[in-house]
Amino acid sequence: MQFSHTQQGRGMQRFQRACAYLFSPDHARDPRFLETLDEKMVKQAFRKKAKQYHPDLHGHEARNLRHRRRERFVRIKESYEYLSLKIHDHARPAGHAPQKTREKRPVVIAVGGAKGGIGKSLFAANLAIYLSRCGYRTVAADLDLGGANLHLYLGKTRLRKSVNDFLKKKADTLAQVLEHTAYGPELIGGDSSFLGAGNIGFARKLKLMKAVRKMDADVVVVDLGGDTAFNVLDFFLSADVGVVMTTCDPASYLEAYAFIKVALFRKLNRIFGPESFYSGPVDPVLRRMIREATQTIDNSAVTGISQLRQEVRDKTGSGLRVLDQVLKQYTPFVIVNKAGDTASALPPVQRIQKVCRKSLSIEVPYLGCLPFEPGMEVSARTLVPFVTTPEAAPYAERLKTMTEQLLPF
Ligand SMILES: Nc1ncnc2c1ncn2[C@@H]1O[C@H](COP(=O)(O)OP(=O)(O)OP(=O)(O)O)[C@@H](O)[C@H]1O
Ligand SMILES: [Mg+2]
């Protein structure tokens, strides 16, 4: 990897520190090694170190040893992600340096919610069709990698290309895997019919997220899987607008809250990570506190964000301001689907909002509810999108109100 003068100084120090963790301090000081470093070497080194330091592989050890190993593993993982990101950015062909002028990029709307079968994909499909009919150049992207079915809801029973072609490097860009649909939106379809489809590695996930954000479209509607796997959370967090779906059932709204919570923890966990938007100076105490409060390897002493805020206020100078800035910027919308009427949709939303305010110190805006539509079940069977049918006028009216909040331009 060639180093330009812009990568000297702090950037270079960080690069070398990451190499020291993943390889060795000697490697990090060797300019020849740094120049030959590539993605494959980084991946191999990570696998080797992960075997050595992953705390789950050393459950028999004394607690303090395990703690030290875990700390080390967190650093190794951060280093791996940082180096992957840097090398990936650098691998862009010559002459394709990022443009200084701001490119027009699409608004990415991700539809999530941890419960399966509540209507996320049908909503994503109908919203994409509605937006397309409103004149937005719309792409519907199926990123439910392990349970892809968005194409069916857009009337396509067979896909000639899918996101997997892009992930397996058979296609260079997402534009090459777009499929045209009869209802307006372009489609990035998914294919979950092979083992491991849902488990993509960090580098491929990063590549996919970047490519989605760079699509030549006005809006990209992303359909996500019904769980809280890291890939799902990362796709959700990388969108401009996150929509969390629930129904009125307790199992559904409790899982909607769980999804909002773990996505926030993931966001905080990565706040100073390589994908972070936050580029200000790093307060090491804040960094450690956030990591300890949100990491998933061991249970933390901190039970909620409100408690974390209290501790950050006591122990750091400007840390609370940074933390509050992140909390303020995290505003997933909530939608209630299959609601009997607008009144019955309110209690679950109010419960979610109350516990989010109390435990997570965040506000979650309510986007509205969608009625239970018998025609929707028919549409899921006949593969004719509901919003295109004559009886969908009230449903389309709800989509209109939601769109006005999601895309206020
Ligand atoms: N507004 C609605 N009214 C009536 N039925 C609905 C509505 N929305 C969704 N459904 C029903 O819910 C079923 C599941 O919908 P969908 O496949 O969109 O769920 P999902 O949340 O994407 O599930 P998964 O998490 O498994 O991907 C559909 O087959 C349909 O019958
Ligand atoms: Mg789905």
Side-chain angles (χ1 to χ4, degrees), residues 1-4 7 11-58 69-94 96 143 145-146 162-174 190 192 194-214 229-235 237-238 266 269-270 272-276 291 295-297:
M1 179 168 164
Q2 292 281 317
F3 292 94
S4 66
Q7 283 167 304
M12 185 63 182
Q13 276 172 19
R14 189 164 178 204
F15 196 90
Q16 285 180 302
R17 206 168 47 239
C19 283
Y21 273 115
L22 210 55
F23 298 91
S24 74
D26 284 347
H27 282 96
R29 280 191 292 267
D30 179 354
R32 279 222 314 274
F33 172 79
L34 297 181
E35 271 178 28
T36 52
L37 194 61
D38 63 19
E39 234 169 322
K40 199 171 160 203
M41 288 159 74
V42 169
K43 220 178 256 176
Q44 277 173 351
F46 174 65
R47 281 199 199 118
K48 204 166 143 204
K49 291 268 171 172
K51 273 191 203 143
Q52 204 177 338
Y53 286 100
H54 199 296
D56 290 354
L57 302 175
H58 302 271
R69 201 181 281 277
R70 187 195 62 202
E71 284 281 300
R72 178 96 187 170
F73 179 70
V74 169
R75 293 271 152 77
I76 288 166
K77 191 156 174 283
E78 281 175 358
S79 302
Y80 162 63
E81 292 175 356
Y82 177 77
L83 289 178
S84 301
L85 186 79
K86 288 286 154 194
I87 290 171
H88 184 268
D89 275 356
H90 205 78
R92 216 180 283 112
H96 287 68
L143 298 196
L145 302 176
S162 76
V163 71
N164 309 77
D165 295 319
F166 175 74
L167 292 171
K168 288 178 181 168
K169 299 186 181 164
K170 287 187 196 159
D172 296 330
T173 65
L174 281 180
S192 316
F194 59 92
L195 188 65
N199 303 317
I200 57 167
F202 180 78
R204 286 202 290 168
K205 173 176 64 181
L206 211 62
K207 181 179 156 190
L208 181 55
M209 292 195 308
K210 279 186 169 184
V212 167
R213 286 198 300 261
K214 283 186 184 162
F230 282 165
N231 285 343
V232 175
L233 298 178
D234 289 341
F235 292 145
L237 291 172
S238 78
R266 176 74 173 162
N269 198 237
R270 305 195 70 83
F272 298 123
E275 292 155 78
S276 169
R291 201 172 58 222
Q295 65 197 356
T296 51
I297 296 170

message: Just to verify, what does Tyr80 make a ring pair (Phe, Tyr, Trp, His ring centres under 6.0 Å) with, not counting sequence neighbours?
response: Phe46
[X] vs [Y] side-chain heavy atoms within contact, under 4.5 Å:
X: Leu37; Y: Phe23; value: yes
X: Leu208; Y: Leu174; value: yes
X: Phe73; Y: Arg69; value: no
X: Leu34; Y: Met12; value: yes

query: Can you name the residues that form a side chain to side chain contact (heavy atoms under 4.5 Å, CB included) with Asp30, not counting sequence neighbours?
result: Arg32, Phe33
field: Residues forming a side chain to side chain donor-acceptor pair (under 3.5 Å) with Thr173, sequence neighbours excluded
entry: none
field: Contacts of Asp165 that satisfy side chain to side chain donor-acceptor pair (under 3.5 Å) - sequence neighbours left out
entry: none
field: Residues in salt bridge (Lys or Arg N to Asp or Glu O under 4.0 Å) contact with Lys207, at least two apart in sequence or another chain
entry: none
- prompt: With sequence neighbours excluded, what pairs up with Arg72 under the salt bridge (Lys or Arg N to Asp or Glu O under 4.0 Å) test?
  reply: none
Looking only at non-hydrogen atoms, find the nearest pair between [X] and [Y] and report the distance.
X: Phe166; Y: Ala211; value: CZ-CB, 3.6 Å
X: Ala28; Y: Ala20; value: CB-N, 3.7 Å
X: Leu22; Y: Lys49; value: O-CE, 3.4 Å

At what distance, to the nearest 0.5 angstrom, does [atom1] of [X] lie from [atom2] of [Y]?
X: Leu237; Y: Phe230; atom1: CG; atom2: CZ; answer: 11.0 Å
X: Gln44; Y: Asp38; atom1: CD; atom2: CG; answer: 8.5 Å
X: Asn269; Y: Glu78; atom1: CG; atom2: CD; answer: 8.0 Å
X: Ser79; Y: Gln16; atom1: OG; atom2: CD; answer: 13.0 Å
X: Tyr21; Y: Tyr53; atom1: OH; atom2: OH; answer: 10.5 Å
X: Leu85; Y: Lys210; atom1: CG; atom2: NZ; answer: 5.0 Å

message: Distance alone, cut at 3.5 Å: any donor-acceptor contact between the side chains of Asn164 and Ser162?
response: yes
task: Show your working on side chain to side chain contact (heavy atoms under 4.5 Å, CB included) between Lys77 and Glu81 and close with a plain yes or no.
output: CA-CA 6 Å; Lys77 191 156 174 283; Glu81 292 175 356; 3.3 Å; yes
